[in-house]
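Quick notes on the structure that follows.
Since this is a predicted model, take the numbers as computed values, not measurements. Numbers restart at 1 for each chain; the letters A, B, ... are given by sequence-line order, proteins then strands.
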Number of protein chains: 2
Amino acid sequence: MKSSTGRRAATKQKLYEAAVTLIAEQGFSATTVDEIAERAGVAKGTVYYNFASKSVLFEELLRHGVGLLTASLREAAEQTARSGGSRVDALDAMIRAGLVFIHRYPAFTQLYVAELWRTNRAWQETLMVVRQEAVAVVEGVLRDGVEAGEFSDEIDVSLTAAALVGMVLVAALDWLAFQPERSLDDVHGALSLLLQGRVTGRR
Amino acid sequence: MKSSTGRRAATKQKLYEAAVTLIAEQGFSATTVDEIAERAGVAKGTVYYNFASKSVLFEELLRHGVGLLTASLREAAEQTARSGGSRVDALDAMIRAGLVFIHRYPAFTQLYVAELWRTNRAWQETLMVVRQEAVAVVEGVLRDGVEAGEFSDEIDVSLTAAALVGMVLVAALDWLAFQPERSLDDVHGALSLLLQGRVTGRR
DNA sequence: GTTTTTGCACTGACCAGTCAGTGCAAAAAG
DNA sequence: CTTTTTGCACTGACTGGTCAGTGCAAAAAC
């Protein structure tokens with residue numbers, strides 16, 4: 001991919017970074033192209049030289065970000081499998097990978113959550129595709145685990161996957177927004193406990 | 001309270017209903033006051049007769065909605081306690097109450113999630129207050145459970161509460177958006193299993 | 001010499017908020 | 001009774017401003 005090194009790619013990257021924080025803070029419609037250009041330190045014309053429109057910039061940003069996330073989740077699952085960990089270990093590693101990602105790209109996460117369940121929007125389609133990619137990684141591990149007899153076969157794979165994703169997402173955003181002094185390990189520990197059912201009494 | 005029956009209150013209610021779906025679909029900034037007025041079957045001036053500004057309308061809408069939610073969660077917890085259920089039962093009842101609420105007011109939930117972690121916005125303060133009220137109900141049950149020795153004392157009350165809320169929120173929104181054919185009991189069942197740690201193997 | 005970026009003036013659609021005025025029912029004045 | 005006044009709820013045309021997107025010539029980078 002030559003595009004990842006050229007001058008143009010560097011400009012796009014600057015625009016992504018400027019757009020992601022502004023849109024996370026204010027929302028898509030409330031963020032102006034002039035603001036994005038200014039924060040990226042670029043002329044407005046450059047925005048339109050690189051992207052067909054404001055929406056297209058946003059869609060490409062979404063794809064870009066979710067690409068990073070799924071790669072990181074997959075990596076965590078594979079890494080665990082390679083080093084002989086169980087499926088629970090794999091889920092646990094994915095939870096951590098999720099937390100690390102959100103910690104690193106909080107603005108992207110905010111914006112993603114804010115847009116995910118919106119209907120009637122131009123990028124609805126993009127979001128669906130991209131969501132499916134991410135949730136599919138979790139579903140994959142759950143399904144394998146059920147097949148291998150490691151997880152209860154009573155579980156509903158897709159609902160459980162959604163619930164797990166939600167658990168991590170909301171806990172992480174809450175952590176960053178309201179208790180930023182906590183460590184990543186604290187948060188990871190709390191979620192691990194919950195995942196393993198050690199909240200409701202048994203040891 | 002006379003205000004809950006008069007002509008004016010009826011108009012406000014119509015405006016809330018119009019605003020909630022439009023803002024859930026499009027976001028706050030992308031929704032125009034003209035649209036809200038039109039959907040409510042009212043002139044634009046009426047919106048400004050009843051609310052000082054678009055933001056104020058939105059803030060009052062938030063307070064209104066979260067009030068309903070917390071009442072419903074508290075009710076579920078108390079009902080369980082009264083009929084001699086355990087804390088796990090109370091959590092489970094609250095999960096169900098949450099699902100029922102989201103099923104009934106999906107638009108409100110979408111809009112709440114979309115705005116909750118935004119910074120730099122006029123209603124930031126309102127959201128904080130209102131969030132605290134809702135999460136506090138869950139935290140209360142967790143704290144009581146730990147004190148009573150029913151939950152592990154290793155748990156981190158506030159992080160666990162956030163994670164539980166997230167689990168319900170995301171699972172429910174996913175249910176409504178992507179698998180609406182599932183029943184409430186299906187979703188509740190999946191979340192119960194997860195809460196009780198019966199996903200990762202033990203019976 | 002080709003690609004990319006800049007700077008800047010311009011347009012036209014769109015939109016939050018305003019304001020003078022309407023309709024109406026109940027109270028006050030005659 | 002009947003006329004006039006008052007206050008409330010609502011109306012919709014209008015205004016001042018904002019913003020996505022355009023056009024283009026000149027400079028900079030490669």
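- Contact check on B/Glu35 versus B/Arg39 returns no salt bridge, with no Lys/Arg side-chain nitrogen under 4.0 Å from an Asp/Glu carboxylate oxygen.
- For the residue pair B/Asp89 / B/Thr80, no side-chain donor-acceptor distance below 3.5 Å is found, with atom types taken as modelled.
- B/Tyr16 contributes atom OH, which lies 12.0 Å from atom CD1 of B/Ile36 (distance to the nearest 0.5 angstrom).
- For the pair A/Lys54 and A/Tyr48, the cation does not sit on the ring face, since its NZ or CZ is not both under 6.0 Å from the ring centre and inside 45° of the axis.
- Contact annotation for A/Ser29: no contact, since no heavy-atom pair falls under 4.0 Å across all strands.
- Heavy atoms of other residues, nucleotides or ligands lying less than 6.0 angstrom from CD of B/Glu38 number 12 at most.
- A salt bridge links A/Asp185 with A/Arg96: the distance from a Lys NZ or Arg NE/NH1/NH2 to an Asp or Glu carboxylate oxygen falls below 4.0 Å.
- Counting only N and O atoms by type, the side chains of A/Gln179 and B/Ser158 include a donor and acceptor under 3.5 Å apart.
- Interface residues of residues 55-63 of chain A facing DNA chain C, ordered by number: none; criterion, heavy-atom separation under 4.0 Å.
- In this structure, B/Trp175 and B/His103 have parallel ring planes: the angle between them is below the 30° cut-off, well short of the 60° mark.
- For B/Arg143 and B/Glu147, the salt-bridge test fails: no basic side-chain N is under 4.0 Å from an acidic carboxylate O.
- Of the nucleotides present, D/dT6 is the one that pairs with C/dA25 by Watson-Crick or G-U wobble criteria, both distances under 3.5 Å.
- With rounding to whole Å, B/Lys44 atom NZ is found 14 Å from C/dC19 atom P.
- DNA chain C is contacted by A/Thr46, A/Tyr49, A/Asn50 of residues 46-54 of chain A, taking any non-hydrogen atom closer than 4.0 Å.
- The line from CG of B/Leu61 to OG of B/Ser55 is 12.0 Å long, rounded to the nearest 0.5 Å.
- Atom C1' of nucleotide C/dC15 and atom CD of B/Glu38 are separated by 14 Å, given to the nearest angstrom.
- The outermost nucleotides of DNA chain D lying under 4.0 Å from heavy atoms of chain A, listed 5' to 3', are D/dC19 to D/dC30.
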